[in-house]
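All values reported here derive from a predicted model rather than from experimental measurement. For the numbers below, each heavy atom of this structure counts, side chains included, while hydrogens, waters and symmetry mates do not.
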There are 2 protein chains.
Amino acid sequence: MACENETAVVLREAGQKVTPQRVHILCEVRHAGVHITASRLIDELRVSHPFIDASTVYRTLASAADLGLVYETDMGSGESEFEWVGKDRHHHLICRSCGDVESLDNSYLDGMATLLYEEAGFQADLGHFAIFGVCKGCQTKA
Amino acid sequence: MACENETAVVLREAGQKVTPQRVHILCEVRHAGVHITASRLIDELRVSHPFIDASTVYRTLASAADLGLVYETDMGSGESEFEWVGKDRHHHLICRSCGDVESLDNSYLDGMATLLYEEAGFQADLGHFAIFGVCKGCQTKA
DNA sequence: GCTGCAGTTGCAACGACTCGCATTTGCAAC
DNA sequence: GTTGCAAATGCGAGTCGTTGCAACTGCAGC
């Protein structure tokens with residue numbers, strides 16, 4: 001399976017041991033294509049790889065996030081959501097009234113990151129943000 | 001107690017029932033002066049008001065956050081931190097290397113909020129943010 | 001002051017996630 | 001192919017936080 005080989009390479013390049021558990025977990029995140037919660041991932045892995053323990057899933061996701069291989073984001077559902085770090089970085093605007101989730105271009109946060117670096121010397125991690133608020137449609141309802 | 005009266009007024013003005021539990025919980029948050037975790041709050045209340053249940057604390061904090069009376073922020077400790085919404089709005093820069101927490105002026109995020117409104121029509125809640133990254137001192141160590 | 005009702009509360013159970021530890025295992029060195 | 005060791009894993013216990021429900025209560029109306 002190409003994905004599993006690629007994932008193994010990514011892990012090795014990150015200086016990590018390549019275990020079957022990790023390969024399967026991270027492949028599942030890559031295959032999800034969009035955000036996936038830990039509990040959804042655990043459910044899916046329970047079917048396809050029942051030998052993998054839930055604590056292993058949490059640890060693998062946490063270390064992958066530390067390594068910059070996945071984004072971990074609080075989208076307001078009460079559970080962290082995970083996404084493979086791809087080429088297309090983006091953020092989200094989440095309406096707390098209607099629950100709508102919109103993609104947000106990088107430039108808004110990149111601009112701020114640049115300022116933070118130039119003015120405060122701080123190198124911000126702004127990989128994947130969720131910004132809560134009220135969308136255009138819900139403002140006109142009030 | 002002035003604080004309790006003020007807190008009762010704030011609750012009433014927010015259209016909420018004024019219960020002894022809520023008054024005590026929110027007074028404790030106001031008195032904390034700085035961020036306080038839910039479990040720290042629960043411990044303090046257990047001493048001063050042992051009849052208040054932990055689930056009531058969580059519910060009161062959640063509804064106060066919804067009403068905009070307190071900020072709830074994930075500062076990376078594994079526990080949400082709460083702070084009474086005061087006049088002086090600020091954000092934080094948190095270094096993931098040394099753990100240092102710096103205050104951040106409003107203007108960085110306010111600028112972005114303005115752009116989001118003007119360009120996307122989105123009214124962002126940017127009350128109290130924690131931005132993770134690497135501080136100036138830890139960058140030069142690498 | 002009493003009443004009724006919608007909202008709040010305490011309790012116990014539960015969900016999402018973390019931690020300690022004994023055992024297993026990836027992999028570098030031989 | 002074997003060995004040793006540091007890291008990974010499964011398991012069970014635990015933490016932080018949520019939820020359902022019966023009982024309680026703030027407060028508007030009388």
**Request:** May I ask you to check whether B:H90 and B:S103 show a side-chain donor-acceptor distance below 3.5 Å?
**Result:** no
**Asked** Looking at the side chain of A:R59, which of D:dG10, C:dG10, C:dA16 is the nearest nucleotide?
**Response** D:dG10
**Prompt:** B:S39 or A:Q21: which one's nearest nucleotide on DNA chain D is closer to the 5' end?
**Reply:** A:Q21
**Nearest-nucleotide 5' precedence on DNA chain D, B:D53 against B:G78** = B:G78
**Message:** The side chain of A:K17 is closest to which nucleotide in this list: D:dC27, D:dG10, C:dC27?
**Reply:** C:dC27
**Request:** Report the C-alpha distance between B:Y108 and A:F122 in whole Å, list the side-chain angles of each, state the deciding distance to 0.1 Å, and finish with yes or no for ring pair (Phe, Tyr, Trp, His ring centres under 6.0 Å).
**Result:** CA-CA 13 Å; B:Y108 291 91; A:F122 188 84; over 10 Å; no
**Fill in**
Considering only heavy side-chain atoms of B:T56, the closest of C:dT9, C:dG26, D:dT9 is C:dT9
**Message:** Nearest to the side chain of B:P20, heavy atoms from C-beta on, is which of D:dG26, C:dT9, C:dC17?
**Reply:** D:dG26
**Item:** Side-chain touch B:L69/B:V85, heavy atoms, less than 4.5 angstrom
**Value:** no
**Message:** Just the rounded figure in Å: distance from P of D:dG17 to CG of A:D74.
**Reply:** 12 Å
**Message:** Counting only side-chain heavy atoms from C-beta out, which of D:dG12, C:dT9, C:dC17 sits nearest to A:A38?
**Reply:** C:dC17
**Asked** Contact class for B:T37 (heavy atom, under 4.0 Å): base, sugar-phosphate, or nothing?
**Response** nothing
**Prompt:** Nearest to the side chain of B:E79, which nucleotide is it out of D:dC16, C:dG10, D:dA6?
**Reply:** D:dC16
**Item:** Side-chain-base donor-acceptor pair under 3.5 Å for B:S55 and C:dC11
**Value:** yes
**G-U wobble or Watson-Crick pairing nucleotide for C:dC30 (cut-off 3.5 Å, both distances)** = D:dG1
**Request:** Check whether the side chains of A:S63 and A:Q16 place a donor and an acceptor atom closer than 3.5 Å, and report yes or no.
**Result:** no
